[in-house]
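Below you'll find the structure, written out as structure tokens, and then a few comments.
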Number of protein chains: 2
Amino acid sequence: MIYTEKKIEKILRQRGCKITPQRRAILSAIIHSREHLAPAAIHKKVCQEHPGVGLVTVYRTLEILSELGLICEMHAGGNCRSYMMRRPSGHHHHLICSDCGTVIDFTDCDLGELERRLSKETSFKINGHLLEFLGQCRNCCKETVIR
Amino acid sequence: MIYTEKKIEKILRQRGCKITPQRRAILSAIIHSREHLAPAAIHKKVCQEHPGVGLVTVYRTLEILSELGLICEMHAGGNCRSYMMRRPSGHHHHLICSDCGTVIDFTDCDLGELERRLSKETSFKINGHLLEFLGQCRNCCKETVIR
DNA sequence: TGCTAATTGAAAATCATTTTCATTTATTGG
DNA sequence: CCAATAAATGAAAATGATTTTCAATTAGCA
Ligand SMILES: [Mn+2]
Ligand SMILES: [Mn+2]
Ligand SMILES: [Zn+2]
Ligand SMILES: [Zn+2]
């Protein structure tokens with residue numbers, strides 16, 4: 001947990017956002033979850049404590065948080081849905097189990113060299129990358145063997 | 001172009017698929033395109049020569065081709081839509097311009113070392129990865145400067 | 001040539017996300 | 001405190017991609 005809720009609220013204010021109960025609730029749901037949650041899941045969580053908060057508001061809040069780099073997105077292979085997550089410590093990537101959805105974060109991707117080379121070769125100004133490994137977690141490996 | 005249409009048809013037959021005019025048309029559209037096409041774009045292309053082919057059939061065919069590893073998917077950052085593409089020579093990745101959508105392929109990602117380490121540390125059986133760089137292509141860089 | 005399982009397309013269903021719009025509310029300066 | 005006001009909210013509808021359903025058609029084999 002890098003930022004406290006207070007700190008995040010401050011950042012939001014600086015951007016001209018108002019701090020509403022809904023935003024507090026959404027923020028809290030994301031901050032206090034260890035998992036990577038889809039918008040719908042965040043909404044569900046928020047509604048347990050604050051019924052009536054609209055899914056639309058969740059989407060709008062996620063957009064702002066994402067824009068400010070306070071949360072990041074996850075892309076799983078085939079079905080291409082994006083999930084929002086709390087950042088463990090800035091820039092990081094995922095190891096996703098295709099069977100059960102378990103996600104493990106890792107931070108050291110070390111793509112700087114490759115990035116520099118590609119940038120040079122293509123004249124692209126690169127400002128980010130998406131890196132995710134897909135496979136089977138320990139448990140799902142076992143199950144496959146047993147079958 | 002690694003596989004000829006004939007070769008691909010053979011692979012499809014081996015899997016128990018029938019070779020229909022629709023599938024031939026879809027395959028041809030993908031094979032003869034240098035670009036990464038979304039399902040809708042493939043459908044459009046196919047319909048120029050073969051009006052009446054359903055978008056549903058495009059989706060169904062893409063699913064099979066993807067399953068067989070004959071085509072692969074592309075994921076752009078935020079809006080998370082998946083695009084299908086012809087593979088230039090097997091495993092490869094993308095450099096995507098966030099402004100105009102231009103895509104450049106590259107093949108040497110060199111993630112083996114990282115993959116091995118992660119696998120060891122997490123006991124995951126890793127069977128693939130997703131790697132995409134996002135940025136601005138040469139043209140879009142210029143435009144930004146001019147403004 | 002005829003059989004049959006696979007395939008097809010239209011239409012409807014799903015599902016995630018966005019837009020619209022009238023109503024409410026957080027913030028601020030008096 | 002008390003407006004004034006721009007920002008935020010939620011319901012509902014719109015959008016857009018993808019999937020499902022189902023009756024009709026067809027490719028491939030016997
Ligand atoms: Mn993560
Ligand atoms: Mn490619
Ligand atoms: Zn698993
Ligand atoms: Zn560009």
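In the text below, chain A, chain B and the rest are named by the order of the sequence lines, each starting its count at 1. Please read these numbers as outputs of a predicted model, since none were measured by experiment.
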Next on the checklist: Does the plane of the ring in B/His129 sit parallel, tilted or perpendicular to the ring in A/Phe133? Use 30° and 60° as the thresholds.
Outcome noted: perpendicular
Next on the checklist: Assigning hydrophobic clusters by single linkage (Ile, Leu, Val, Met, Phe, Trp, Tyr; side-chain heavy-atom cutoff under 4.5 Å), is A/Val56 placed with A/Ile64?
Outcome noted: no
Next on the checklist: Can you measure A/Glu63 atom CD to C/dT17 atom P for me and round it to whole angstrom units?
Outcome noted: 12 Å
Checklist entry - Okay, side chain of A/His32, backbone of A/Ser28: is any donor-acceptor separation there less than 3.5 Å? => result yes
Checklist entry - Is the backbone of B/Leu134 close enough, under 3.5 Å, to the side chain of B/His94 for a donor and an acceptor to pair up by distance? => result no
Checklist entry - Are any of the side-chain heavy atoms of B/Phe106 and B/Asp108 separated by less than 4.5 Å? => result yes
Short N/O separations, protein against nucleotides 21-24 of chain D, under 3.5 angstrom:
none

Item to check | Between C/dT7 (P) and B/His50 (NE2): distance, integer Å | outcome: 19 Å
Checklist entry - Roughly how many Å is it from CZ in B/Arg15 to P in C/dA5, rounded to a whole number? => result 18 Å
Got a list of protein N/O to nucleotides 25-27 of chain D N/O distances below 3.5 Å?
| residue | atom | partner | partner atom | Å |
| --- | --- | --- | --- | --- |
| D/dA27 | O3' | B/Ile19 | O | 3.4 |
| D/dA27 | N3 | B/Lys18 | NZ | 3.0 |

Checklist entry - Which whole-number value in Å describes the distance from B/His43 NE2 to D/dA17 P? => result 13 Å
Item to check | For atom CD of A/Glu9 and atom C1' of C/dA26, their distance in whole Å | outcome: 12 Å
Next on the checklist: Just so I know, are the side chains of B/Leu131 and A/Leu111 near enough to count as touching, which here means a heavy-atom distance under 4.5 Å?
Outcome noted: yes
Checklist entry - A/Arg24 has an atom CZ; how far is it from atom C1' of D/dA8, in whole Å? => result 14 Å
Checklist entry - Any ion pair linking B/Arg23 and B/Glu9 (charged N to carboxylate O, less than 4.0 Å)? => result no
Checklist entry - A/Glu113: what forms a salt bridge (Lys or Arg N to Asp or Glu O under 4.0 Å) with it, not counting sequence neighbours? => result A/Arg116
Checklist entry - Sub-3.5 Å donor-acceptor pair from the side chain of A/Thr61 to the main-chain atoms of A/Thr57, do we have one? => result yes
Item to check | Nucleotide C/dA13, atom P - distance to CG of B/Leu55 in whole Å | outcome: 18 Å
Next on the checklist: What's the angle between the local helix axes at either end of the helix from C/dT1-D/dA30 to C/dG30-D/dC1, using five pairs per end and rounding to 10 degrees?
Outcome noted: 30°
Item to check | Nearest-Å distance for atom pair CG/P, residues B/Leu62 and D/dT19 | outcome: 10 Å
Next on the checklist: Closest-nucleotide mapping onto DNA chain D: is B/Tyr59 or A/Ile64 further toward the 5' terminus? I mean the 5' end.
Outcome noted: A/Ile64
Using atom types as modelled, flag every donor-acceptor pair under 3.5 Å from a side chain in residues 119-128 of chain B to any protein atom, sequence neighbours excluded.
| residue | atom | partner | partner atom | Å |
| --- | --- | --- | --- | --- |
| B/Ser119 | OG | B/Phe124 | O | 2.7 |
| B/Glu121 | OE2 | B/Arg117 | NE | 3.1 |
| B/Thr122 | OG1 | B/Leu118 | O | 2.7 |
| B/Thr122 | OG1 | B/Phe124 | N | 3.3 |

Next on the checklist: I'd like to check the ring-ring contact (aromatic ring centres under 6.0 Å, His included) partners of B/Tyr59; sequence neighbours left out, ordered by chain and number.
Outcome noted: none
Item to check | Below 4.0 Å: OP1/OP2 of C/dG9 and any side-chain N or O of B/Gln22 | outcome: yes
